[in-house]
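A, B, ... follow the sequence lines: proteins, then strands. Residue 1 opens every chain.
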2 protein chains.
Amino acid sequence: MNDSPRRKELTRLAAQLFVQEGFDRTTVRMLAQEMGIKSGSLFHHFRDKQEILAAVIEEGTQNALTLARAALKDSAPDPLSRLHAMARAHLDTLLTDRNAHVVALYEWRRLDDGARDHLTHLRDAYEALWNEVLDDAIAADLVTGDRALVSRFVLGALNWTVRWYDPDGPRDPEQLAHELVVMITRRP
Amino acid sequence: MNDSPRRKELTRLAAQLFVQEGFDRTTVRMLAQEMGIKSGSLFHHFRDKQEILAAVIEEGTQNALTLARAALKDSAPDPLSRLHAMARAHLDTLLTDRNAHVVALYEWRRLDDGARDHLTHLRDAYEALWNEVLDDAIAADLVTGDRALVSRFVLGALNWTVRWYDPDGPRDPEQLAHELVVMITRRP
DNA sequence: GTCTATAACAAGATAGAC
DNA sequence: GTCTATCTTGTTATAGAC
């Protein structure tokens with residue numbers, strides 16, 4: 001539909017509920033209440049519930065991509081620093097304000113075919129960034145294994161943190177990123 | 001409820017649907033159809049839909065525990081072999097017949113409080129097995145890092161395979177287990 | 001143990017007034 | 001842009017016959 005600031009705000013609130021309850025269990029009435037409007041009014045901003053999901057996932061993936069690019073730009077150029085920067089950025093989008101990127105990862109398969117086609121290139125761009133960094137790490141003999149698999153294992157380990165991470169616990173995303181890097185890199 | 005062989009068979013079919021569609025999107029009518037009965041008849045075997053989920057998850061976790069114990073029993077006693085055996089067993093329960101264990105991992109939070117309390121000890125027993133094996137691997141200087149985190153990262157990497165694994169692809173669970181172990185162990 | 005029939009309710013979505 | 005009111009459909013679960 002459109003791209004108003006109001007819609008942006010509603011998308012943000014939807015992301016929060018989708019993470020808390022899951023997409024399927026989040027009703028349009030719950031969404032409306034969280035937004036302080038009635039359920040009928042929601043459909044002025046979004047054609048249907050699917051479109052809300054697509055908006056959240058687009059936002060989440062775009063966010064992750066932007067943050068990752070920024071992190072690489074600020075990072076030292078050596079493969080270890082870049083690997084750490086990527087892991088840190090990924091965890092920040094997942095754990096810091098537990099929102100749209102989590103939905104992008106965990107509710108991807110709830111997208112209908114059209115939306116999935118439209119968003120796949122975004123996700124691919126994000127994964128391409130990871131592949132680049134991991135290729136360099138493997139070439140530098142910092143990490144061992146087949147890139148295609150290493151990439152999936154590493155992202156799996158990071159994505160799963162959503163399930164157990166406690167924001168009041170002893171470690172912050174930065175430390176988790178460090179620990180993951182320690183686990184998969186060969187000591188110099 | 002009871003524990004008839006019929007119920008066991010129905011549980012197996014339910015697991016399949018829960019993996020394919022997700023618990024929330026699987027209706028009792030779909031379950032009944034898959035089982036070749038009408039939806040009303042389902043409630044002769046299970047009190048409600050929740051109880052089906054609990055049965056599937058109990059089955060899946062128990063399976064994983066049994067298989068892991070068997071794998072450790074058959075394994076060579078060195079830490080590397082045991083680590084590989086655990087990873088292999090875990091992936092077998094997740095990828096080989098894509099069923100109850102996947103549901104246990106991915107639909108755990110859909111359990112109601114009572115069922116969760118009842119099943120937590122099973123899950124803890126399974127994780128205790130992992131912790132033992134990882135403690136040994138870390139003590140042998142095979143893997144580097146804090147056990148609590150290593151355990152979560154490794155299980156995350158393994159659990160996420162469900163999302164991308166292609167049974168017709170070039171690698172089987174055994175090879176994936178090998179690649180994961182290669183990635184996280186220090187070369188001798 | 002399974003069937004038919006249906007109760008009881010919750011869901012997504014629409015229409016038209018304001 | 002939001003409201004009220006409502007339509008339509010789908011959902012879990014129950015009751016009683018077979």
Mind calculating the distance between [atom1] ([X]) and [atom2] ([N]) to the nearest angstrom?
X	N	atom1	atom2	value
Lys49(B)	dA10(C)	NZ	P	15 Å
His44(A)	dA15(C)	NE2	P	15 Å
Asp48(A)	dA13(C)	CG	C1'	9 Å

> Want to settle it: does Leu10(A) or Ser39(B) sit nearer the 5' end of DNA chain D, counting the closest nucleotide to each?
Replying inline: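 Looking at DNA chain D, the more 5' nearest nucleotide goes with Leu10(A).
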> What heavy-atom pair brings Ala15(B) and Val103(B) nearest, and what distance separates the two atoms?
Replying inline: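 For Ala15(B) and Val103(B), the tightest heavy-atom pair comes out as O-CG2, 3.7 Å.
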> How about Tyr106(B) and Trp160(A): are their ring centroids closer than 6.0 Å?
Replying inline: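 Ring-ring flag for Tyr106(B)/Trp160(A): true, centres closer than 6.0 Å.
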>> Centre-to-centre under 6.0 Å for His101(B) and Tyr126(B), is that the case here?
In response: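 Between Tyr126(B) and His101(B), which both carry aromatic rings, the centre distance is below 6.0 Å.
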> Could you state the interatomic distance from CG (Leu142(A)) to CG (Leu83(A)), rounded to the nearest 0.5 Å?
Replying inline: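 One finds 7.0 Å between CG of Leu142(A) and CG of Leu83(A).
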> Relative to the 5' end of DNA chain C, which residue comes earlier, Arg29(A) or Ser41(B), by the nucleotide with the nearest heavy atom?
Replying inline: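 Counting from the 5' end, the first nearest nucleotide belongs to Ser41(B).
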>> Please classify the nucleic acid contact of Ser4(B) as base, sugar-phosphate, or nothing, using heavy-atom distances under 4.0 Å.
In response: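 It contacts nothing in the nucleic acid.
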> With Arg110(A), which residues qualify under salt bridge (Lys or Arg N to Asp or Glu O under 4.0 Å), at least two apart?
Replying inline: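 If we apply the salt bridge (Lys or Arg N to Asp or Glu O under 4.0 Å) test to Arg110(A), skipping adjacent residues, the hits are Asp24(A).
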>> Going by side chain to side chain donor-acceptor pair (under 3.5 Å), name the pairs with one or both residues in residues 29-40 of chain A, residues two or more places apart or in two chains.
In response: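 Residue pairs passing side chain to side chain donor-acceptor pair (under 3.5 Å), neighbours aside: none found.
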>> For chain B and DNA chain D, what are the first and last nucleotides along the strand, 5' to 3', with at least one atom under 4.0 angstrom from a heavy atom of the protein chain?
In response: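 Taking any atom under 4.0 Å from a heavy atom of chain B, the span is dT11(D) to dT14(D).
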